[in-house]
Amino acid sequence: MTVETYTPRAFHRQAHDALGNPQIRSNFRRAMDGLMTKRRDVFSDWDLETLRELGANIRLRALARLPDLLEQLEANCEANGIRVHWAEDGEEACRIIRELCESHGAKSVIKGKSMVSEEMHLNAHLEAAGIEALESDLGEYLVQLNEQTPSHIIMPAIHLNTDEISDIMHDKTGTDRTRDVDYMTAAARAQLRERFMNADVGVSGVNFAVAETGTLCLVENEGNGRMTTTVPPVHIAVTGIEKVVEHLRDVPPLYALLTRSATGQHVTTYFNMISGPRKAGEHDGPREVHLVLVDSGRSRIYQDDELLDTLRCIRCGACMNHCPVYTRVGGHSYGTTYPGPIGSILMPHMLGLEETKDLPTASSLCGACGEVCPVKIPIPDLLVRLRREAVGEGRGNVHGAGVKRTKKEVAAWKTWQWLATHPSAWRGSLTMAGKLRALTPSKLGPWTQYRTAPKLAKRSLHALVKSHRREGEGES
Amino acid sequence: MSARDNILKRLRERTDGPLTAPDSDFGVVTGRGWSAEERLERFERWISSVHGEVLHTTRDSWTTDLVALLQAKGIRRLALGREHPVAAEARAALAEGEVTLIDADRDVEEWQLEQFETTDAGLTSTRGGIAETGSLWLWPTPDEPRLISLVPPIHIAVLDADTIEDTFFDVIEAHGWAGGMPTNALLVSGPSKTADIEQTLAYGVHGPRELIVLVRHAEERP
């Protein structure tokens, strides 16, 4: 199996390669079709629009009070015995986590699923410092064994089929080659149990951080999240600053939306709510709990009324499950931590438009992502906004704004605009273009890669209608 | 300035000015109005749909059913608390049998290997159930720590039928969770599972392979 490094700059090439890979096409097609059906069925008894409205309002309320809620979260976590750390970017967050590990002489870290830790490349950072970081979510574990990154934010190994996974496990862990999923799952259980017991530190993400009570909520099916946050003596949770919610009562609607939107489950196996380290008299749980709050461009997104909606995301992945582009090219083609529609509106802020200028165009603007988003993020509108930013027509407050602007294109559109607003010049140029139609080039860049170049008609529609009308008048 | 101060300053001095916080109407997640029978039926339907096993029993006879269950499942080593009435009654009923009772009310460091490798099942009480999703809610205590519902291959949970409520929101509100959260609060809905290998469901990936809920009724069901 080829291990590749994917980058957003190479989106077009990566997407082209994925489109030519029948295995990838079939793995994603089957998985996403199933997820779409399951989501539709699981909401059938619900007043979905009202629930989405509530979810959107809860997230907007949390964002409206974000600085106050972050301070409240910090105060309540500290009162519960959770130490809170703040990081401007991924690099600082990695340093904080590494230093915490080093202060405990940690040599091994076991990790629950956390997209923020993927975003900041925590594993590589820890490994460079001589600390082993092992993923404990089965999908993440398989992807890590295969020296890859996740291709979906909920189902990291969705791009691999059973045979491929069997090969990976056989090659890397010595298990038998088999199509028996129970056998492979049991093998992974046995391999990871020892690691849970021996890990010095457990690192997890956070689905919702409750300001009112200083509680960290984690959603999962496997139990690896509970193991990671309970067995090692130190638990470090890491999250983006936008994950805070105001009240505990805000959690049930968001949890209901998250599980149903993500995998079509009415509930996940475990919903784990952590409000502190092991207290005196308690017999298990970590002795220390830390929370690392990461900005990484989020406060920049927060400045702009329109772009702010991006921060409402609860990371369910429904937008990618329903995206015709994602379904065909898969998650790795995007070359970013967050793929699909949400990645296309989030990553330009994190990496700048120089790196990600093609991502906002990785959409047919069919609107499916916006329709299924459980918290009503207007993703298509934001994709258009970022396209405009990329050609220098937005407010310019996204890094790399204007990177796709070219003098030639600007001049062409300006000329078009002038002609379209000056009728006589428009008519004259059309007549002229009709006469010179033989000179129309047959190659027009990517447009003619799969199409025949258009040729202007001898006479414009306007002129044809006019002459038809004249003929009609003559007949009467 | 520290990262904390910088981040908060940027958020407070927002370019586009202060934001308005919309109201939230929680009506959609409450007010189901189900009867006790409907609640029980829904709870059982949903937890069964995710591979949870429900056994109905009574408060008077549940320990007899527990003994039979342990025998049927071949459980020889059972971890459980001591003080909670569920644990105390189970201990009394199992005192003379062949099942080895493992004390859970001691620091995990003392028995981690035993818990991970040779304990067949963990028995816990529950604080209640949720009809809408077929979930149990647990607040682990020093008597019944967190890991006995997670590490052994079988989790046996004892649930009183009259503690099943409609929704998660209702539970949080009715029991005033926001007024005092425990170190760890849990919803458990079925045994551990994964679909990470080509969307094929497999149970017991990290936690229990089986979740058995003994639902205790006040009296024999007609």
Side-chain angles (χ1 to χ4, degrees), chain A residues 31 34 47 50-51 54 57-58 60-61 63-67 86-88 92 138-139 155 157 161-162 165 181-182 184-185 189 193 197 212-213 215 221-224 226-227 230 241 248-249 252-253 266-267 269-276 279 281-285 295 299 302-305, chain B residues 2-4 6-8 10-12 14-16 19-26 28-29 46 50 105-108 112-113 116 133-135 142 145-147 150 167-169 172-173 177-178 181-194 196-200 202 204-207:
Chain A
D47 180 353
T50 308
L51 185 62
L54 174 59
N57 283 348
I58 289 170
L60 277 173
R61 173 158 47 81
L63 291 174
R65 298 174 181 161
L66 186 57
W86 300 69
E88 284 272 17
E92 190 172 5
L138 180 61
M155 291 149 293
N161 65 21
T162 306
I165 289 170
V181 171
D182 286 329
M184 286 189 273
T185 305
R189 175 189 173 98
R193 286 215 138 194
M197 280 191 278
E212 179 182 31
T213 55
T215 299
N221 282 311
E222 295 185 1
N224 68 306
R226 286 185 66 198
M227 289 276 201
T230 311
I241 54 171
L248 201 60
R249 59 176 9 215
H266 56 275
V267 71
T269 302
Y270 299 115
F271 189 61
N272 186 9
M273 307 173 83
I274 297 159
S275 303
K279 289 200 176 90
E282 292 180 340
H283 296 302
D284 60 14
D295 184 335
S299 62
Y302 189 73
Q303 304 302 314
D304 182 307
D305 275 346
Chain B
S2 66
R4 176 187 186 278
N6 278 331
I7 294 166
L8 289 173
R10 275 198 299 275
L11 295 178
R12 288 223 157 84
R14 194 174 166 275
T15 312
D16 283 358
L19 290 158
T20 312
D23 290 332
S24 302
D25 177 359
F26 289 88
V28 69
V29 288
W46 285 122
V50 289
D105 60 342
R106 56 195 165 127
D107 284 351
V108 65
Q112 180 166 272
L113 208 58
F116 269 75
T133 51
S135 308
R146 308 178 195 196
L147 290 174
L150 180 66
T167 68
F168 183 25
F169 181 84
I172 282 183
E173 292 290 282
W177 282 29
M181 285 292 279
T183 314
N184 187 212
L186 289 169
L187 298 190
V188 177
S189 316
S192 155
K193 66 169 182 275
T194 184
D196 275 340
I197 302 180
E198 208 180 333
Q199 298 228 289
T200 307
V205 56
H206 294 298

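Below, read A as the first sequence line, B as the second, and so on, with proteins coming before strands; counting in each chain starts at 1. As the structure is a prediction and not an experimental result, all values here were calculated from the model. Reckoned from all heavy atoms, side chains included, excluding hydrogens, waters and symmetry mates.
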Subject >> Side-chain touch F168(B)/E173(B), heavy atoms, less than 4.5 angstrom >> reply: no
Original post:
Any idea which of A87(A), P252(A), G223(A), G34(A) has the most non-hydrogen atom pairs under 4.5 angstrom with chain B?
Top reply: P252(A)
Subject >> Partner chain B: residue of L63(A), N161(A), L66(A), D182(A) with the largest heavy-atom pair count (under 4.5 Å) >> reply: N161(A)
Original post:
Most heavy-atom pairs under 4.5 angstrom with chain A, which of A202(B), S2(B), A185(B), G190(B)?
Top reply: A185(B)
Original post:
Which bit of L150(B) is near chain A, if near means a heavy-atom gap under 4.5 Å: side chain, backbone, both or neither?
Top reply: both
Original post:
Can a salt bridge be assigned to the pair R4(B) and E88(A) using a cut-off of 4.0 Å between side-chain N and carboxylate O?
Top reply: no
Subject >> Between L187(B), D23(B), L113(B), V108(B), the one whose heavy-atom pairs under 4.5 Å with chain A are most numerous >> reply: L187(B)
Subject >> Residue among L60(A), T50(A), D295(A) with most heavy-atom pairs under 4.5 Å to chain B >> reply: D295(A)
Original post:
So do the side chains of R249(A) and E212(A) get within less than 4.5 Å of each other, counting heavy atoms only?
Top reply: no
Original post:
Pick from K279(A), R193(A), E282(A): which one has the most heavy-atom pairs with chain B under 4.5 Å?
Top reply: R193(A)
Original post:
Is there a donor-acceptor contact under 3.5 Å linking the side chains of Q303(A) and D16(B)?
Top reply: no
**OP:** Select, from R106(B), R146(B), Q199(B), the one with the greatest count of heavy-atom pairs under 4.5 Å involving chain A.
**Re:** R146(B)
Original post:
Residues in side chain to side chain donor-acceptor pair (under 3.5 Å) with D304(A), at least two apart?
Top reply: R385(A), R395(A), N397(A)
Subject >> Contact origin within N184(B) toward chain A - heavy atom pairs under 4.5 Å >> reply: both
Original post:
Counting heavy-atom pairs under 4.5 Å to chain A, which of D105(B), L19(B), V188(B), T183(B) comes out on top?
Top reply: T183(B)
**OP:** Decide whether S192(B) and E222(A) meet the rule of one side-chain donor and one side-chain acceptor closer than 3.5 Å.
**Re:** no
Original post:
Which bit of T215(A) comes within less than 4.5 Å of chain B, counting heavy atoms only: side chain, backbone, both or neither?
Top reply: side chain
Original post:
Side chain, backbone, both or neither: which part of S299(A) has an atom under 4.5 Å from a heavy atom of chain B?
Top reply: both
Subject >> Geometric class of the H266(A)/W46(B) ring pair [parallel <30°, tilted 30-60°, perpendicular >60°] >> reply: tilted
Original post:
What residues, two or more places apart in sequence or in another chain, satisfy side chain to side chain donor-acceptor pair (under 3.5 Å) together with S135(B)?
Top reply: T133(B), S189(B)
Original post:
Is there side-chain contact between L186(B) and R226(A), with heavy atoms separated by less than 4.5 Å?
Top reply: yes
Original post:
Of all of I241(A), L51(A), V267(A), T213(A), which one pairs up most often with chain B through heavy atoms under 4.5 Å apart?
Top reply: V267(A)
**OP:** Name the option with the most non-hydrogen atom pairs under 4.5 Å to chain A; the candidates are E198(B), H206(B), Q112(B).
**Re:** H206(B)
Subject >> Pair D107(B)-H283(A), side-chain donor/acceptor within less than 3.5 Å >> reply: yes
**OP:** Between chain A and each of T200(B), N6(B), I197(B), V29(B), count heavy-atom pairs under 4.5 Å; write down the option with the most.
**Re:** I197(B)
Original post:
Pick from N57(A), T269(A), L248(A): which one has the most heavy-atom pairs with chain B under 4.5 Å?
Top reply: T269(A)
